[in-house]
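Reviewing the structure listed below.
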Amino acid sequence: MILTKLRNIGIAAHIDAGKTTVTERMLFFTGVTRKMGEVHDGQATMDFMKQEQERGITIASAAISTKWKDSNINIIDTPGHVDFTVEVERSLRVIDGMVALFCAVGGVEPQSETVWNQADRYRVPRIAFINKMDRTGAEFYEVVKQMNEYLDANAMPFQLPIGSEEDFVGVIDVLRQKAYIFDDYERKEMDIPEEYRARSLEARNALVERIAEFDDEIMQLYLDDQEIPYETLKRVARRATHKLFITPVFTGAAYKNKGVQLLLDAIVDFLPSPIDVGAVIGTDIYDPEKSHTRTPSVSDPFSALAFKLIHDPFVGQQTFIRIFSGTLKSGMQIFNSTKGKAERAGRILKIHAKDREELSEAGPGDIVALIGMKLTKTGDTLCDMDNKLLLENIHIPPTVIELTIQPESRKEQSKLGEALAKLSNEDPSFNVRFDDETEETIVSGMGELHLEIIIDRLKHEFGVSVVVGEPSVAFRETITTEVESNYKHSKQTGGKGQFAHTVMRLEPNEGNDYEFVDMIKGGAIPGEFISSVNKGVKKAMLKGPLAGFPVVDVKVVLHDGGFHPVDSSDMAFQTCSAICFKNGFMKGTPVLLEPVMKIEINTPDDFIGNVVGDLNKRRGKIESMRRFRKGAQKLNGLVPLMEMFGYATALRNITSGRANYSMEFFQYMALPKATQEEVLKKLAEKKKDK
């Protein structure tokens, strides 16, 4: 396979922008499928999970390979629902380019912004496709304006629509100055209709002027008022797209088969190949200050990143990897540098949604699934045994909601444990813990829908029916004042005793999670026990002293202590530091932190007063309002998640069903004192009842 002819792309957007429909059309036009599957009838190729087909939404990012003209395209279709944002995150980490989809009616929506920011984090080049131009209320130019205003996208129309709403019939290629009219599966090239000529010429001049900024030759031709060849413009526009200087904008109506072939052309023309993206840089596993470079070449040592795990009932666990350099052969021994252990790659599969093709080897740029991996998890680096490095991991957002579950019958307890272990392996944004005090299994995730899908999968995939408690907010604990803690652990039980002494300072560390600083001087605590102290503190942080929630944003400075040459041990220092930390924590004016969500509400003007009043009652805060369309507004604000259970019904009632909303996690913030006391009281009562 020629690497310059390979495109690894993701398709990402807000829910309901039409990502899966666009992908289905791509598969049809590239010959992978003979019949187009539809999301609404549960027949979409990419939505092959039962839960996806029932709800008409994409949950797990599915990888599929196809060909267009002389290029190979690996497409990753990702979810738009905020509860599955980690799926987008891990896909963006391994793709080379992205198609950002926008609904011509909805424009830039909250999850569009989230996806855009995620793509910025990994510096993924992207093109935009404004979909659903045939819908009532479609406004192409308004969406381009919103992209520039809210996303700072440098959006430049490479196509203009011919007509809109029910009159949408085709598009104008701005650079070529040609029109394309769509009739069912056919597209017909023609001259630009008279009434669109002035606008399309103006758009071309603006585009050429922008492209000229990135190339001296084009700038000279432009200033001399000479004709600039299309291929020259395309080459420079491609380069500017790769450097994120511009975002080319295309348009169409995927459901009506309009504009998808031209979008495939744009993917090949403007999105990068692995060669364009170039080398990845990893750190040395022994010296984090030292870096190693891997180019997308078979002559470089093997390096890859595991970005997804799926439990397949037919072949067992599939570990999806993106290969950045070198060659991977079936049965080859490789090194997992995240875990520091060797692994053997079993079978190598190329995935076509639910179909598989077995390969004997895979090379740079390939996205494949491995069978038989024992240790590898999402975000792990795999590399050559003799050339070790560590690649950048995948950002996993914190969980915000939790609920208690238990099997319907006692005898299914171990079956439930195995199923939950597999699900948390697959999905790093899903956590499981067992509360010894209440003897409950507590699962936590990104939202109500996320956990609903997990419960559904337990029943249908793993055959475990569970009794589910009420969903509750996943709080966190932290301190607000600096405090000193001194604890001596001394236990004598016939034979060898236990002795450890730690003196530590606990400091608030807002927004930086946990930090451990070793300031021991003169060997007060031997070097081999420093990591034991860190381990003990980390263990104590899993279940905070205030109410049993995980502790975050604390800096621990270990600056003194003592040991015994015989009775000191790893376990003694772990126990000592855990108690020392807990004692100090309770003196540091501890507070509960609650997840606060970004909310966007689309509401007709008539109901703004009702919506704002209701949000105020929920401790919400409106930050901005903007015109959504004629007679309707978008309200943006922040609101605590604990006040939002059942909000969908409340919003329906106060707006006669005419408003809708979406939420995504913003950050953890301290609970007001009175609310905290109320929460702690309820938790204490719940434990007493148990």
Side-chain angles (χ1 to χ4, degrees), residues 5 7 9 22 25-26 29-30 68-71 73 97 99 104 125-131 133 140-141 143-144 147 154-164 168-183 185-215 217-242 245-254 257-272 276:
K5 299 290 184 186
R7 302 288 179 273
I9 64 150
V22 166
R25 295 320 186 255
M26 285 181 176
F29 287 118
T30 56
W68 181 246
K69 297 184 175 170
D70 60 349
S71 292
I73 304 174
V99 179
R126 66 215 81 152
I127 60 175
F129 184 72
I130 298 175
N131 192 25
M133 274 305 300
F140 174 83
Y141 297 99
V143 180
V144 174
M147 284 175 68
N154 296 314
M156 298 296 298
F158 275 51
Q159 287 177 353
L160 301 179
I162 300 175
S164 72
F168 175 67
V169 291
V171 298
I172 293 163
D173 184 321
V174 172
L175 282 181
R176 279 197 176 101
Q177 285 292 284
K178 284 284 173 195
Y180 295 92
I181 301 297
F182 304 103
D183 181 16
Y185 302 140
E186 299 300 314
R187 56 175 166 154
K188 196 166 74 177
E189 187 180 303
M190 56 186 280
D191 289 332
I192 296 167
E194 184 63 46
E195 65 270 33
Y196 288 95
R197 280 183 193 163
R199 176 172 263 183
S200 66
L201 205 55
E202 188 187 321
R204 188 179 195 274
N205 288 338
L207 185 52
V208 171
E209 197 176 313
R210 185 84 173 98
I211 294 170
E213 291 175 25
F214 313 114
D215 187 87
E217 182 196 342
I218 293 179
M219 180 60 86
Q220 199 51 57
L221 290 169
Y222 177 72
L223 293 172
D224 294 346
D225 210 15
Q226 289 186 39
E227 186 54 40
I228 305 162
Y230 168 73
E231 286 303 323
T232 307
L233 286 169
K234 189 174 86 170
R235 176 175 46 79
V236 177
R238 175 183 171 82
R239 201 169 67 225
T241 305
H242 296 179
F245 292 151
I246 60 168
T247 302
V249 180
F250 303 87
T251 190
N257 310 313
K258 294 177 179 177
V260 179
Q261 301 106 310
L262 296 175
L263 177 61
L264 282 161
D265 287 345
I267 287 167
V268 171
D269 288 346
F270 298 105
L271 287 180
D276 297 316

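What you see below is based on every heavy atom in this structure, not just the backbone, and it leaves out hydrogens, waters and symmetry mates.
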I need the [X] [atom1] to [Y] [atom2] distance, nearest 0.5 Å.
X	Y	atom1	atom2	result
Lys178	Ser200	NZ	OG	11.5 Å
Met26	Ile73	CE	CD1	7.0 Å
Ile9	Arg126	CD1	CZ	14.0 Å
Thr247	Asn154	OG1	CG	6.5 Å
Ile172	Tyr196	CD1	OH	7.0 Å
Arg199	Leu160	CZ	CG	7.5 Å

Return the orientation label for the Phe270 and Phe158 ring planes: parallel under 30°, perpendicular over 60°, tilted otherwise.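 Perpendicular.
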[Y] and [X], any side-chain heavy atoms less than 4.5 Å apart:
X	Y	result
Lys258	Met133	no
Lys69	Val268	no
Thr251	Val249	no
Ile228	Ile211	no
Leu233	Leu207	no
Asn257	Phe182	no
Asp173	Glu189	no

Closest non-hydrogen atom pair, [X] against [Y]:
X	Y	result
Phe245	Arg210	O-NH2, 3.3 Å
Thr241	Pro248	OG1-CG, 3.4 Å
Ala206	Met156	O-CE, 3.8 Å
Leu271	Pro125	CD2-O, 3.9 Å
Ala266	Phe250	CB-CZ, 3.5 Å
Pro161	Phe168	CB-CE1, 3.9 Å

Flag, side chain of Asp183 to backbone of Lys188, donor-acceptor distance under 3.5 Å: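 Answer holds: no.
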Output yes when a side-chain donor or acceptor of Thr30 lies under 3.5 Å from a complementary backbone atom of Trp68, and no otherwise.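 A pair under 3.5 Å: no.
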Do Gln261 and Arg187 pass the side chain to side chain contact (heavy atoms under 4.5 Å, CB included) test, and can you show the C-alpha distance, the side-chain angles, and the key distance before you say yes or no? CA-CA 9 Å; Gln261 301 106 310; Arg187 56 175 166 154; 3.8 Å; yes
Taking atom [atom1] as the centre, does [X] end up with more than 12 heavy-atom neighbours from other residues, nucleotides or ligands that are less than 6.0 angstrom away?
X	atom1	result
Asp265	CG	yes
Glu202	CD	no
Gln226	CD	yes

Do Asp215 and Arg239 pass the side chain to side chain contact (heavy atoms under 4.5 Å, CB included) test, and can you show the C-alpha distance, the side-chain angles, and the key distance before you say yes or no? CA-CA 10 Å; Asp215 187 87; Arg239 201 169 67 225; 3.5 Å; yes
Using 4.0 Å as the upper bound for N to carboxylate O, is an ion pair formed by Lys234 and Asp269?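 Looking at Lys234 together with Asp269, the answer is yes, because their closest N to O distance falls below 4.0 Å.
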Given the rule in the side chain to side chain contact (heavy atoms under 4.5 Å, CB included) test, do Phe129 and Val22 qualify, once you have shown the distances and angles that lead to the verdict? CA-CA 10 Å; Phe129 184 72; Val22 166; 4.3 Å; yes
Using salt bridge (charged side-chain N to carboxylate O under 4.0 Å, His left out) as the criterion, point out the one residue from Arg7, Arg235, Lys5, Arg238 that pairs with Asp276.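 Passing option: Arg238.
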Does Ile162 form a side chain to side chain contact (heavy atoms under 4.5 Å, CB included) with Ile192? I'd like the steps, not just the answer. CA-CA 9 Å; Ile162 300 175; Ile192 296 167; over 6 Å; no
Criterion salt bridge (charged side-chain N to carboxylate O under 4.0 Å, His left out) on Asp191 and Arg197, from CA distance to verdict: CA-CA 9 Å; Asp191 289 332; Arg197 280 183 193 163; 5.3 Å; no
